[in-house]
Structures are given as structure tokens and as C-alpha cells.
2 protein chains.
Amino acid sequence: MKEKRKNTNTEEKILAAAKKVFIAKGMAGARMQDIADEMGMNKALLHYYFKTKEQLFEVIFKETIGKFIPKLKALLIADISLEDKIKFFCNEYIQMAQDNPYLPLFILNELNKQPAQFIDKIFSGELPDLNKFTFQLEQEIKAKRIKPISPVQLLMNMMSMCIFPFIAKPMFNAVLGLDELQFRLTMEQRKKDIPKFILDSIKK
Amino acid sequence: MKEKRKNTNTEEKILAAAKKVFIAKGMAGARMQDIADEMGMNKALLHYYFKTKEQLFEVIFKETIGKFIPKLKALLIADISLEDKIKFFCNEYIQMAQDNPYLPLFILNELNKQPAQFIDKIFSGELPDLNKFTFQLEQEIKAKRIKPISPVQLLMNMMSMCIFPFIAKPMFNAVLGLDELQFRLTMEQRKKDIPKFILDSIKK
DNA sequence: GTCTATAACTCGATAGAC
DNA sequence: GTCTATCGAGTTATAGAC
């Protein structure tokens with residue numbers, strides 16, 4: 001009983017420390033020693049609970065991405081207006097990146113290394129359903145409420161504007177002369193600015 | 001004479017092999033062994049021509065990126081209308097990515113590993129001058145020809161929409177159901193669509 | 001369960017033969 | 001100039017004491 005309790009407790013501490021380190025340094029950059037230091041215990045223990053570094057990472061990754069993807073899938077088929085969909089989408093996307101700054105670049109790297117397998121993994125074998133979104137868009141266009149635009153171009157624009165700044169953050173900070181705080185505020189602002197930018201462009 | 005010829009020849013072979021490997025795996029992920037294998041010779045030779053891995057990387061890097069950045073810097077301060085600037089910028093950016101499909105992700109990875117040094121390297125110590133662009137934008141806003149928008153948000157939007165699709169290509173291809181050809185055509189289309197999308201959004 | 005010590009491995013770099 | 005063999009630093013993983 002006592003062992004079980006301790007076990008669980010330590011396991012959680014490891015996961016918390018590992019998440020912090022993995023997010024800060026990425027899978028390749030993270031050292032098992034860093035994780036041990038972060039939790040104030042020793043390396044060997046990590047291997048006792050999670051056989052390999054790979055395995056430990058896998059657990060963290062699945063937990064982080066596992067919550068986010070279903071949310072996005074659900075949003076695409078939700079029963080709300082196109083305008084709200086765009087607003088919620090940008091908000092969720094940017095918030096996720098703010099909470100997990102290292103994740104986007106990591107995902108893109110894995111994606112490019114093993115496209116098919118990786119897509120299968122993150123979407124759990126079921127790609128998001130775009131029919132509803134496409135249909136909504138077509139309806140708005142037919143009703144002359146928005147200008148003609150393909151769902152492909154619209155989705156590309158929306159996702160790009162939300163995520164790319166996080167990946168290229170050091171460059172933006174340097175070129176645009178932002179510090180950490182200003183960057184954070186800029187991205188906070190973009191939760192509203194991107195939907196507005198998009199809607200200003202497509203609305204008639 | 002013979003040695004000199006051989007020397008140059010081998011050096012070029014090394015550079016070609018190294019470029020391939022570095023771009024595919026990044027500085028940290030690349031192995032000297034991989035490069036040696038790629039050119040069908042042995043590791044020690046690499047160190048004979050380029051003392052360290054770092055040095056070899058440096059040469060490749062400068063050659064690859066060295067052509068593109070000055071073009072962009074020049075464009076920002078060019079004496080053309082804001083509208084044309086946006087059009088040319090998107091065109092150049094997308095064309096570069098089409099010609100070097102692996103370069104964007106490579107650059108972003110290196111950027112995130114060693115932000116300060118990397119920025120110094122790619123901009124050769126001199127950051128792009130945004131004053132002219134900012135001034136032009138302000139003029140247009142004052143003249144009520146375009147809606148208020150900060151240069152930061154505008155540049156972020158523009159760069160994001162041009163580059164991100166190349167980095168996330170496998171995901172877009174899967175989710176949006178595109179094949180290689182359709183993707184290429186989509187990006188070709190975006191050379192015109194992105195400027196239009198931006199201008200539709202900000203023009204009054 | 002947790003620790004210390006160390007084995008096992010990876011990889012950049014060098015020595016030295018040809 | 002090119003090769004084989006090996007060193008040495010850094011890191012993951014394991015053995016074994018407590």
C-alpha cells in the first residue's frame with residue numbers, strides 16, 4: 001500500500017518534470033539528467049519507471065496531443081456559425097502553442113520524418129472531417145455573404161498565421177525587435193486579430 | 001597539379017554530400033558518418049578538408065542562405081508601392097521554398113537551437129531595416145487607403161502564409177486530400193492568392 | 001523504491017600507415 | 001590525399017547495494 005502510493009507519486013513527479021524539460025528542450029535536446037535534476041532525484045529512477053527515454057517521451061506526447069486533436073476535430077464539425085468557428089479555431093490553436101511552446105516544431109519535425117505513420121498516430125487513424133466546414137463555407141459564398149475562397153486556401157491561411165509565429169519566434173523577436181513579453185502580448189492580441197484579418201478579407 | 005585538381009574535386013564532393021545530409025537531418029542530427037557514406041568515402045577525410053563538423057556546416061550554410069537573405073533585405077527598402085512590395089515578397093518567398101523544399105524547416109530548427117548566433121549568421125550581423133516598410137504602411141493608413149494594422153502583425157501574417165504550408169506539407173496533403181501535383185499547384189496559386197487575401201483584408 | 005557506480009554505446013576527432 | 005584503427009567526451013541504460 002505504502003509502496004503503491006509512493007510509486008504513483010514518483011511517477012507523477014517524473015512526468016511533470018519530464019514534460020517541463022521536453023517542452024523546453026525538445027526530445028533530442030533533453031537530457032535524462034536534466035529531468036532527474038528538475039525533480040530532485042536521480043537518473044536511474046527514471047529508467048525504473050520508464051524503461052527508455054523514448055518511452056517516457058511517448059507518454060508525455062500522447063497525453064499532450066491527445067487532448068488537443070479531438071478538440072479540433074470536434075470544432076470543425078460543431079454546430080456553430082462559420083465566423084465563430086474561425087474565432088474559436090484561432091483561439092484554441094494559439095492557446096495550445098502558448099501552453100506548449102516546443103510542441104509545434106517537434107510535431108513538424110516528426111511529421112516530415114515519417115509522414116504516414118505520424119499522421120496515423122496523431123489523428124488516431126481518423127482524419128478530421130472537413131465536409132461540414134466546406135459545406136458551411138459554400139453556403140456563405142452562395143448567400144453572397146463572403147467572397148469565393150476555397151476551403152484549402154482558407155484553412156492554410158488560418159493555421160499558418162496561428163502557428164508559424166511560434167516556430168519562427170526567435171526570428172520575429174530579432175527582426176521586429178520584440179522581447180519575450182511583447183511577443184506574448186502580440187500572440188495574445190493575435191487571438192482576436194487573426195479572425196478579424198481573415199473576416200475582413202473574405203466578408204463582402 | 002594533379003593533387004590540386006583532386007583536392008578540389010573531393011572538396012566539392014564533400015560539400016555536395018554534406019549539404020544533402022545537413023538539410024535533411026539538421027546540424028545536430030547529421031552524422032559525419034552519414035556524410036562520408038553519402039559520398040562513398042571515409043570520415044577521416046572530412047576532417048582533413050574541414051577541421052570540424054561545425055566548420056563544414058558553416059560553409060554549407062553560408063552558401064545556401066547567403067543568396068536569399070540579401071534579396072529580401074533589398075525588397076523591404078525598395079522604392080516601390082506597398083502593394084507591389086507585398087506581391088513581390090510573397091512571390092520571392094514561395095519561389096524560394098519551391099526551389100528548396102527542405103530549407104525552411106532546416107532553418108527553423110537551427111534558429112530555435114541557437115537563436116542569437118543563428119540570427120547573427122543569417123543576417124550577417126545586420127538586421128533588415130523595417131523603417132521604410134513601416135513608414136510606407138503608416139502613410140497608406142494616414143491617407144485612409146488601408147485600415148490600421150501594425151507592421152508586426154502584417155509581416156507575421158505574410159511570412160506565415162507563404163512559408164508554413166511547405167513545412168506542414170504532409171499534414172495538409174493528408175487532411176486536405178491533396179497529392180503532390182495538387183500541392184504544387186496550390187502553392188503556385190498562392191503566389192497570387194496571398195497578396196490578394198492580404199490586400200482584401202487591409203484595403204478600405 | 002531509491003541510490004551510487006559503472007557498463008555500453010554514440011559520435012566527433014586524431015594518429016599513423018600507405 | 002586517403003585509409004584503418006582508436007581515443008575520449010558525453011549520454012543512455014543497467015547492476016547491485018541499501
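Side chains are part of it too, since the values below use all heavy atoms of this structure and drop only hydrogens, waters and symmetry mates. A note on names: the letters A, B, ... follow the listed sequences, proteins ahead of strands, and every chain is numbered from 1.
- Of the possible donor and acceptor atoms, one in the side chain of A:Lys85 sits under 3.5 Å from a partner among the backbone N and O of A:Ala78.
- Looking only at atom types and distance, the side chain of A:Arg184 has no donor-acceptor partner in the side chain of A:Gln98 under 3.5 Å away.
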Atom pairs and distances, donor-acceptor, side-chain atoms in residues 114-124 of chain A, under 3.5 Å, two or more places apart:
unit_1: A:Gln114; atom_1: OE1; unit_2: A:Gln117; atom_2: NE2; d: 2.7
unit_1: A:Lys121; atom_1: NZ; unit_2: A:Glu58; atom_2: OE2; d: 3.3

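- Looking only at atom types and distance, the side chain of A:Gln33 has a donor-acceptor partner in the side chain of A:Asp37 under 3.5 Å away.
- Looking at heavy-atom distances under 4.0 Å, B:Ala28 makes no contact with the nucleic acid at all.
- Contact between the side-chain N/O atoms of A:Lys51 and the OP1/OP2 oxygens of D:dT14 is found at a separation under 4.0 Å.
- For C:dT10, the OP1/OP2 oxygens have no side-chain nitrogen or oxygen of B:Arg31 closer than 4.0 Å.
- Contacts between residues 53-62 of chain B and DNA chain C, defined by a heavy-atom separation below 4.0 Å, involve B:Lys53, listed by number.
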Tabulate below the donor-acceptor pairs under 3.5 Å that side-chain atoms of residues 160-169 of chain B make, not counting sequence neighbours, or state none.
unit_1: B:Ser160; atom_1: OG; unit_2: B:Met156; atom_2: O; d: 2.6
unit_1: B:Lys169; atom_1: NZ; unit_2: B:Glu180; atom_2: OE1; d: 2.8

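- Applying the 4.0 Å criterion to OP1 and OP2 of D:dG1, one finds that B:Thr10 has every side-chain N and O outside that range.
- Residue B:Tyr48 places no side-chain N or O under 4.0 Å from the OP1 or OP2 atom of D:dT2.
- Counting only residues at least two apart or in different chains, side chain to side chain donor-acceptor pair (under 3.5 Å) contacts with residues 61-73 of chain A comprise A:Lys71-A:Glu92.
- The nearest whole Å value for the distance from the CD1 atom in A:Ile14 to the P atom in D:dT12 is 15 Å.
- Against DNA chain C, the stretch residues 32-44 of chain B makes heavy-atom approaches under 4.0 Å through B:Met32, B:Lys43, B:Ala44.
- Per the geometry, CG belonging to A:Leu46 stands 13 Å off C1' belonging to D:dT11, to the nearest Å.
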Identify all side-chain donor-acceptor contacts of residues 19-30 of chain B below 3.5 Å with residues at least two apart in sequence or on another chain.
unit_1: B:Lys20; atom_1: NZ; unit_2: B:Glu38; atom_2: OE2; d: 3.0
unit_1: B:Lys25; atom_1: NZ; unit_2: B:Asp34; atom_2: OD2; d: 3.2

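- In this structure, OH of B:Tyr49 is placed 13 Å from C1' of D:dC3, rounded to the nearest angstrom.
- When the C1' atom of C:dT14 is taken as reference, atom CG of B:Leu45 falls 14 Å away, rounded to whole Å.
- A donor atom on one side chain and an acceptor atom on the other are found under 3.5 Å apart for A:Asp99 and A:Gln95.
- Phosphate contact (OP1/OP2 of D:dT12, side-chain N/O of A:Thr52, threshold under 4.0 Å): absent.
- Aromatic ring centres of A:Phe57 and A:Phe50: separated by at least 6.0 Å.
- With distances taken from any side-chain atom of B:His47 to the nucleotides C:dA13, C:dG1, D:dG1, the minimum falls on C:dA13.
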